[in-house]
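Residue numbering restarts at 1 for every chain, and letters A, B, ... go by the order of the sequence lines. Scope of the values below: all heavy atoms of this structure, side chains included, with no hydrogens, waters or symmetry mates.
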Protein chains: 2
Amino acid sequence: MAILTEKQKALVEKIGIFHETAGMQPAAARVMGLLFVSSTPQLTFDEITELLQISKSATSNAINLLIQTGQIEYTTFPGDRKRYFKLKIKNWREGFKKKIEVMTGFQVLLREVLELRKEENTHCDCSKLEEVVSFLEFLHQELPKLVERWEKSRT
Amino acid sequence: MAILTEKQKALVEKIGIFHETAGMQPAAARVMGLLFVSSTPQLTFDEITELLQISKSATSNAINLLIQTGQIEYTTFPGDRKRYFKLKIKNWREGFKKKIEVMTGFQVLLREVLELRKEENTHCDCSKLEEVVSFLEFLHQELPKLVERWEKSRT
DNA sequence: TCTTTAGTTCATAATTTTGTGAACTAAAAA
DNA sequence: TTTTTAGTTCACAAAATTATGAACTAAAGA
């Protein structure tokens, strides 16, 4: 069975903490770390369990979460019941788009604020809020173009 | 003392949940919501405590966190010991920059992964990882320019 | 048919996060 | 000097999140 060097273990934790900080469950975050770091491009359920020293249920839980959120995927081989898990990095563009959606989605809440303030007839200055709304709108338009621009720059 | 309408209360919660989802502590997230929604442009410690129905310690904790992370600020008035808290929306550009830094900061971890893989002499395909690194680099360069472009478009 | 494999599920335990209220502080007011 | 105001601090409680291990399932192999 594959084993991790100390350096690899440390990096798994580092990447784990990064994802944890971004709101991911600890075990799932370590699985991400492991799949990034592992020299083997794909790992089985049991390998993940053993390399991370977590219980089978923790692994099951983490893996299902990551599959559901589109961050990992698996392949199988004929005559082998194991699933081989790997990062779905092909999809990083998708992931980026999702992040943009969330960020610019705050716009909707800000509009509600502005609407409500109008109703309540308050006389306070809303120009800064309007500025943020405008910027989020701008981002929403421009970020996809930016991705395209990058894609062209690579060909 | 100011009181919130049902609509306002609902929106405070909505904005609260948005910030909570983004990793903020619940109470702090409600304070953000309140300061966005409140028709009064600034609120005192006690107003926050009463409007949100939380304890003084929860308010103290939340406020200090938000001040520390540069998301709110306060003003005072001569002959009045109270602090009047408000959003530091002037700083939203700063906040945006911070978010970019965090996101593109993942690049550093990815480089470590690539470095380690080279050391371990693995033969697996790293091209997708390199692609992500390249894109994060591109973003790091381009996003500040994008902000500038938006600023010009507004004048 | 019996066993093994590759997981899943669930009750419960451990840990972490968050909130509370009472006691405290430091400055201003009376 | 005593009291009030505007908070802060801290020990503890409540709640939410995670992890565990034992029991289970469903398919494949012997």
Side-chain angles (χ1 to χ4, degrees), chain A residues 1-2 12-13 15-35 40 42-69 71-86, chain B residues 1-2 12-13 15-35 40 42-69 71-86:
Chain A
M1 229 271 291
V12 167
E13 289 304 311
I15 295 177
I17 287 174
F18 181 89
H19 282 99
E20 231 180 300
T21 305
M24 188 178 284
Q25 296 177 3
R30 303 311 131 116
V31 172
M32 288 299 285
L34 182 58
L35 291 178
T40 327
Q42 1 184 59
L43 293 170
T44 67
F45 188 99
D46 278 329
E47 283 171 330
I48 293 171
T49 301
E50 287 187 42
L51 287 171
L52 293 181
Q53 306 260 57
I54 58 180
S55 66
K56 287 210 293 173
S57 21
T59 304
S60 176
N61 181 37
I63 277 173
N64 290 325
L65 178 76
L66 293 173
I67 286 174
Q68 241 210 326
T69 55
Q71 316 200 58
I72 68 172
E73 63 187 337
Y74 61 86
T75 32
T76 50
F77 298 99
D80 184 352
R81 263 200 293 159
K82 282 180 200 126
R83 292 183 291 172
Y84 293 82
F85 299 96
K86 60 177 173 178
Chain B
M1 230 272 290
V12 168
E13 290 304 311
I15 296 177
I17 287 174
F18 180 89
H19 281 98
E20 231 180 301
T21 305
M24 190 178 284
Q25 294 176 3
R30 304 309 132 115
V31 172
M32 289 298 285
L34 182 58
L35 291 177
T40 328
Q42 1 184 60
L43 292 170
T44 67
F45 188 99
D46 278 330
E47 283 172 330
I48 293 171
T49 301
E50 286 187 41
L51 287 170
L52 293 181
Q53 307 259 60
I54 58 179
S55 65
K56 287 210 291 173
S57 21
T59 304
S60 175
N61 180 36
I63 277 174
N64 290 325
L65 178 75
L66 293 173
I67 287 174
Q68 242 212 326
T69 54
Q71 317 201 55
I72 68 172
E73 63 187 337
Y74 61 86
T75 34
T76 50
F77 298 98
D80 184 352
R81 261 200 293 159
K82 280 178 200 129
R83 291 183 291 173
Y84 293 82
F85 298 96
K86 61 176 174 179

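Nearest to the side chain of Ile54(A), among dT18(D), dT20(D), dG7(D), sits dT20(D). The listed nucleotides are dT8(C), dA6(D), dG19(C); the one nearest the side chain of Ala27(B) is dG19(C). For Ala58(A), taking side-chain heavy atoms from C-beta onward, the closest of the listed nucleotides dT20(D), dT8(C), dG7(D) is dT20(D).
As rounded to whole Å, 12 Å separates atom C1' of dT16(C) from atom CD of Gln25(B). Between Tyr74(A) atom OH and dT8(C) atom C1' there is a gap of 13 Å when expressed in whole angstrom units. As rounded to whole Å, 7 Å separates atom C1' of dA6(D) from atom CG of Asp46(B). If you measure from atom CG of Leu65(A) to atom C1' of dT9(C), you get 17 Å, rounded to the nearest angstrom. The interatomic distance linking Arg83(B) (CZ) with dT5(D) (C1') rounds to 13 Å, in whole Å. We find that CE of Met24(B) is positioned 16 Å from P of dT17(C), with the value rounded to whole Å. The separation between Phe85(B) atom CZ and dA6(D) atom P is 12 Å, rounded to whole Å. Following rounding to the nearest Å, Glu50(B) (CD) and dG7(D) (C1') show an atom-to-atom distance of 14 Å.
Between the side chain of Ser60(A) and the backbone N or O of Lys56(A) there is no donor-acceptor pair closer than 3.5 Å.
Applying the 3.5 Å distance criterion, the base of dG21(D) shares no donor-acceptor pair with the side chain of Ser55(A). Remark: the Ser57(A) side chain and the dG21(D) base include a donor-acceptor N/O pair separated by less than 3.5 Å. Contact annotation: side chain of Arg81(A) to base of dA6(C), donor-acceptor pair absent below 3.5 Å.
If Ile63(A) and Gln53(B) are placed on DNA chain C by their nearest nucleotide, the residue sitting closer to the 5' end is Ile63(A).
Looking at heavy-atom distances under 4.0 Å, Asn64(A) makes contact with sugar-phosphate atoms alone, never a base.
Considering OH of Tyr84(B) and OG1 of Thr76(B), their distance stands at 9.5 Å, rounded to 0.5 Å. Between atom CZ of residue Phe77(B) and atom NZ of residue Lys82(B) there is a gap of 11.5 Å, rounded to the nearest 0.5 Å.
For dA6(C), the OP1/OP2 oxygens have a side-chain nitrogen or oxygen of Lys82(A) closer than 4.0 Å.
In terms of heavy atoms, Ala62(B) sits closest to Ala27(B) at CB-C, 4.0 Å.
When each of Val31(B), Leu51(B), Ile72(B) is paired with Leu43(B), the side chain to side chain contact (heavy atoms under 4.5 Å, CB included) condition holds for Leu51(B) and for no other.
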